[in-house]
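Here the structure is laid out as structure tokens; the discussion comes afterwards.
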Amino acid sequence: MPTVEEAVAEQERLRPLVRAVADPDFTPRFVAGLDVAYGDDDRVVGAVVVLDADLRTVDEAVVSGVAEFPYVSGLFAFRELPSLLAAVKKLTVAPDLLVCDGQGVAHPRRFGLACHLGVLADLPSIGVAKTPMGPYDLPGTAKGSCTDLVDDGEVVGRALRTCDDVKPVFVSVGHRIDLDRACAEVLRLCRTRLPETTRRADSLGRRHLR
DNA sequence: GCGACAG
DNA sequence: ATCTTGTCGC
């Protein structure tokens, strides 16, 4: 495993590969949700589910292992990426979009987990975080309301209300997609505060912990 | 020195 | 992340 310094250098090296634009023909049919569940003593289970246009689960994969990197804010990917990438590779149904549990470019070095996963898997990806990494303005209370996440004068994501009167989620581009499409996908996937993709990946991971 | 800090 | 059931409300 890399040291903290090496991990930061790796992020800077890969960051230029991020594309915040979708392919002209981008129309996701199969969307994947990814999450990692934690057990005792650094045991981890990377879980991924694939949903079709009707939000039916059409594929699942899990990979259990041991966390090789500590939790360090800003270097989250080095903890969760190995098991998640391995799980994605086990899928039978190829996803058109990865929905990650964490930040994309809304990150101090513009290279959160969603970017890292998108670049390494060479797939469109978005980050949906439950907590922002910086300050933000609260959006209106209606589903679909949003405010821009601004960092250093740049719009890096959006605080998005996914249901009426629930706490917003924090959406940012991971790779090969734009922010408008990213938010539209999140809204399409939400029946409750969090996208169905992450909810199902979360329960799949927990289930596999035993 | 104290608090914050994706999961 | 995790420790944790039922319960009140829409």
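Chain identifiers are assigned alphabetically (A, B, ...) following the order of the sequence lines, protein sequences preceding nucleic acid strands; residue numbering begins at 1 within each chain. Every heavy atom of this structure was used, including side-chain atoms; hydrogens, water molecules and symmetry mates were not.
Nucleic acid contact for A:Leu209: none, since no nucleic acid atom lies under 4.0 Å from a heavy atom of the residue. A:Glu80 comes within contact range of no nucleotide atom at all, as no heavy-atom separation falls under 4.0 Å. Residue contacts for A:Arg43: at a heavy-atom cut-off of 4.0 Å it reaches no nucleic acid atom on any strand shown. Residue A:Gly39 is out of contact with every strand shown, counting any heavy-atom pair closer than 4.0 Å.
In this structure, CG on A:Asp137 lies 9.5 Å from CG on A:Leu149, to the nearest 0.5 angstrom. With values rounded to the nearest 0.5 angstrom, A:Arg176 atom CZ is found 13.5 Å from A:Cys115 atom SG.
Relative orientation of the A:Phe170 and A:Tyr136 rings is perpendicular, given thresholds of 30° and 60° on the angle between their planes. Between A:Phe78 and A:Phe69, the ring-plane angle classifies as tilted under the 30° and 60° cut-offs.
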>> Between A:Thr57 and A:Leu51, is the side chain to side chain contact (heavy atoms under 4.5 Å, CB included) condition met? List the steps.
In response: CA-CA 4 Å; A:Thr57 300; A:Leu51 310 191; 3.5 Å; yes
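A:Leu120 has its side chain within reach of A:Leu14: a pair of non-hydrogen atoms, C-beta onward, lies under 4.5 Å apart.
Residue A:Lys130 contributes atom NZ, which lies 13 Å from atom C1' of C:dT2 at whole-angstrom precision. Atom-to-atom, OH of A:Tyr38 to C1' of C:dT4 comes out at 20 Å; the value is rounded to the nearest Å. Summarising the geometry, the separation between CG on A:Asp165 and C1' on C:dC10 is reported as 11 Å, rounded to the nearest angstrom.
The span of DNA chain B lying next to chain A, judged by atoms under 4.0 Å from heavy atoms, is bounded 5' to 3' by B:dC5 to B:dG7.
In A:Arg199, the CZ atom is not crowded: 12 or fewer heavy atoms of neighbouring residues, nucleotides or ligands sit closer than 6.0 Å. For A:Arg207, the CZ atom is densely surrounded, since the number of other residues' heavy atoms within 6.0 Å is greater than 12. Counting non-hydrogen atoms of neighbouring residues, nucleotides and ligands closer than 6.0 angstrom, the CZ atom of A:Arg188 exceeds 12 such neighbours.
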> For DNA chain C, what dot-bracket results from Watson-Crick or G-U pairs at under 3.5 Å, with [ ] for crossers and | for inter-strand partners?
Replying inline: ..........
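One finds a side-chain N or O of A:Arg206 lying less than 4.0 angstrom from the OP1 or OP2 phosphate oxygen of C:dT2.
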